[in-house]
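In the text below, chain A, chain B and the rest are named by the order of the sequence lines, each starting its count at 1.
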Amino acid sequence: MHQYISEFSAHVGKTITAKGWIYNIRKSKTNLFFELRDGSGFCQVVVSAEKVGEAAFAQAEQLTIESAAAFVGTLIADERQKGGFEIQADSFEIYQIAENYPLAQREKDLGISFLQDKRHLWLRKERQWAIMRVRNQIIMGIHDFFQAKGFVQMDAPLFTGNSCEGTTDLFETDFFGKPAYLSQSGQLYGEAMAMAQGKIYTFGPTFRSEKSDTPRHLAEFWMIEPEMAFYENEDNMELMEQFIKSVIGRVLERCQTELKALERDLSKLETVVNRPFAKVLYTDAVKILRGELEVEGKNALKIQQADLENIQRLIQEKTAEIATREAAVKSGTLKKGEKAFYEGKIISLQGELVDLNEKLQNIPKWIESAKNFQYGEDLGSSDETVLTRTFDAPVMVYNWPASVKSFYMKELKGTDLVKNVDLLAPEGYGEIIGGSERETDINVLLRKMKEHNLTEAELEWYLDLRRFGSVPHSGFGLGLERLVRWTCNLPHVRETIPFPRRYGRLFP
RNA sequence: GCCCUUGUAGCUCAGUCGGUUAGAGCAACGGACUGUUAAUCCGUAGGUCACUGGUUCGAGUCCAGUCGGGGGCGCCA
């Protein structure tokens, strides 16, 4: 029996066996220092010639990065090591000597294109390891939250005959000779189940064939859709807030190591758990965007302006630093190691400059878009960023114009609005949840289906839900990968799922 | 779908005005070093400059097309 690194704290001082893969190697004449990963964590293994003997030491020297081995030795606690432990090996057994490993360098020094092609190996890197473990805790946290509240988990069909909301592009497949579509939402089926079980949630894959090549879009992603009978939109919003606080709280409790590996700013997540979410009417969101309404003295447009000035200053500073370092390299007075360090620094500074210049070009466009925002429009992704920057906590924007929303949303009497809500994550991550109270009146539904060009025949079963015991009910849809991206502070959703499927990428 | 940008060693990138034999760091390989933390030091090997065509005495460099990558917007979770 061997021990897992995650359970090492119970075995300090004892002789243990660890089985894993060599993550990194440092060596001197008589000592080998291996960073070992075993899936549960990372630790250092020391193989010394003195302890294992000359012959065994020569064997251990053959171990390459990603070679697999079992080490038997004394476990000691050592603050300095990644993971906090070190094994002083007495003996070892080699499973396999790995060939020249293409991802042997630090993740920071590998390009995104290459990493994507090598996704099956990229998953072994510490950052990716951490992300997958956060994803796991988020998934379990979602189940725990709903189960504790008496929700019943249901599986909605993946093949559907109708296009549901009628707006997005769907993947068409052949279903025994008839056209069928891969599901873009389980919501309508969730409504049917909620009328049977009271409170339900779906947790399953969702498919969209839109050609959206952005940091927020996947062609195949996982969506969680609770649906509750006798819930109005206010109840929906309350549940949403509790839900996000609960899941983020769990990650903070259980994923300290992972969040540290990801260099996540914990105070940002603690804010989410501790502060009430902002609730903003759509009509007020429009005013905030246009700079006509301030939030606790903060003006959305002025914040962007300040960002812009900050970026200009940073660009000047970085440019100056590059010039200084280049001059030092050219002067020829640096030692070799120092010169290499300077050259590496120059390259990383140039990378930062590319990012900053990108922002320098984008922000003025974002300001223009926000300034000219018209009542009745849907929020664009830059508008979401501009809006959320004026708040620290997530923002719920509710009661939107019916014209930009789906047919099934409950109309707000005497207005052109519907009772719905979008939850926008802070730090520029934007929409992670969309939800609404559902229309209960069959005649209103029929009218709106016509307006949205939906065929009545395909949704006849859905209309039955309004014929027999129609009651107020609400629900929402959470994009799992978007939540993982925000929680881990990642640049792109492609890192939030083991094997992402998105526009233009099907392999590996 | 629209706009911007990019393709040079296994990887990350330099390559000046179009000019002789295309460079560096990392990884790999060989060696040195008594505890390393991006170890350090010495050495070796590694190239169809994405592809096709064009301009030119001469193209990694200029032009056109094709293919691939990245970013922004639209659509959305």
How many whole angstroms separate atom [atom1] of [X] from atom [atom2] of [N]?
| X | N | atom1 | atom2 | answer |
| --- | --- | --- | --- | --- |
| A:Glu35 | B:G35 | CD | P | 18 Å |
| A:Lys27 | B:U34 | NZ | C1' | 16 Å |
| A:Glu99 | B:A27 | CD | P | 19 Å |
| A:Lys211 | B:C76 | NZ | P | 17 Å |
| A:His452 | B:C75 | NE2 | P | 14 Å |
| A:Phe114 | B:C13 | CZ | C1' | 15 Å |
| A:Asp422 | B:A77 | CG | P | 8 Å |
| A:Glu358 | B:U5 | CD | C1' | 8 Å |

Under 4.0 Å from OP1 or OP2 of [N]: is there any side-chain N or O of [X] that close?
| X | N | result |
| --- | --- | --- |
| A:Trp366 | B:G72 | no |
| A:Arg26 | B:U36 | no |
| A:Asn24 | B:A39 | yes |
| A:Ser28 | B:G35 | yes |
| A:Arg502 | B:G69 | no |
| A:Arg80 | B:A39 | no |

Exercise. Could A:Glu437 and A:Lys419 be called an ion pair, given the rule that one side-chain N must be under 4.0 Å from one carboxylate O?
Worked result: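 So A:Glu437 pairs with A:Lys419 through a salt bridge.
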For this session: May I ask you to say whether A:Lys371 pairs ionically with A:Asp383, meaning some side-chain N is under 4.0 Å from a carboxylate O?
Result: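 So A:Lys371 does not pair with A:Asp383 through a salt bridge.
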For this session: Mind listing the residues from residues 116-128 of chain A sitting with a heavy atom below 4.0 Å of RNA chain B? Number order is fine.
Result: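 Hits under 4.0 Å, by residue number: A:Gln116.
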Exercise. Looking at RNA chain B, which of residues 375-389 of chain A put a heavy atom within less than 4.0 Å of it?
Worked result: A:Asp378, A:Gly380, A:Ser381, A:Ser382
Would you confirm whether the ring centroid of [Y] sits within less than 6.0 angstrom of the ring centroid of [X]?
| X | Y | answer |
| --- | --- | --- |
| A:Tyr23 | A:Phe34 | no |
| A:Phe145 | A:Phe151 | no |
| A:Trp122 | A:Phe114 | no |
| A:Tyr282 | A:Tyr375 | yes |

Exercise. Only one of A:Met228, A:Met193, A:Met154, A:His143 clears side chain to side chain contact (heavy atoms under 4.5 Å, CB included) with A:Tyr201; which?
Worked result: A:His143
Exercise. Do A:Arg438 and A:Ser436 have side-chain atoms, one donor and one acceptor, less than 3.5 Å apart?
Worked result: yes
Exercise. Taking A:Arg127 for the side chain and A:Ala261 for the main chain, is one N or O donor matched with an acceptor at less than 3.5 Å?
Worked result: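 Side chain of A:Arg127 to backbone of A:Ala261: no pair is present.
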Exercise. Nearest to the side chain of A:Gln88 - B:G35, B:C76, B:A27?
Worked result: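 Of the candidates, B:G35 comes closest.
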Exercise. Between A:Phe171 and A:Phe207, what is the ring plane arrangement, given parallel below 30°, perpendicular above 60°, and tilted in between?
Worked result: perpendicular
For this session: Specify whether A:Phe476 and A:Phe146 have parallel, tilted or perpendicular ring planes, treating 30° as the upper limit for parallel and 60° as the lower limit for perpendicular.
Result: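 A:Phe476 vs A:Phe146 ring planes: tilted.
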Exercise. Across the strands shown, which category fits A:Glu431 at heavy-atom distances under 4.0 angstrom: base, sugar-phosphate, nothing?
Worked result: sugar-phosphate
Exercise. Pairs counted as Watson-Crick or G-U wobble with both distances under 3.5 Å: what dot-bracket string results for RNA chain B, using | for bases tied to another strand?
Worked result: (((((((..((((.....[...)))).(((((.......))))).....(((((..]....))))))))))))....
Exercise. What is the glycosidic conformation of B:C17: syn, defined as within 90° of 0, or anti?
Worked result: syn
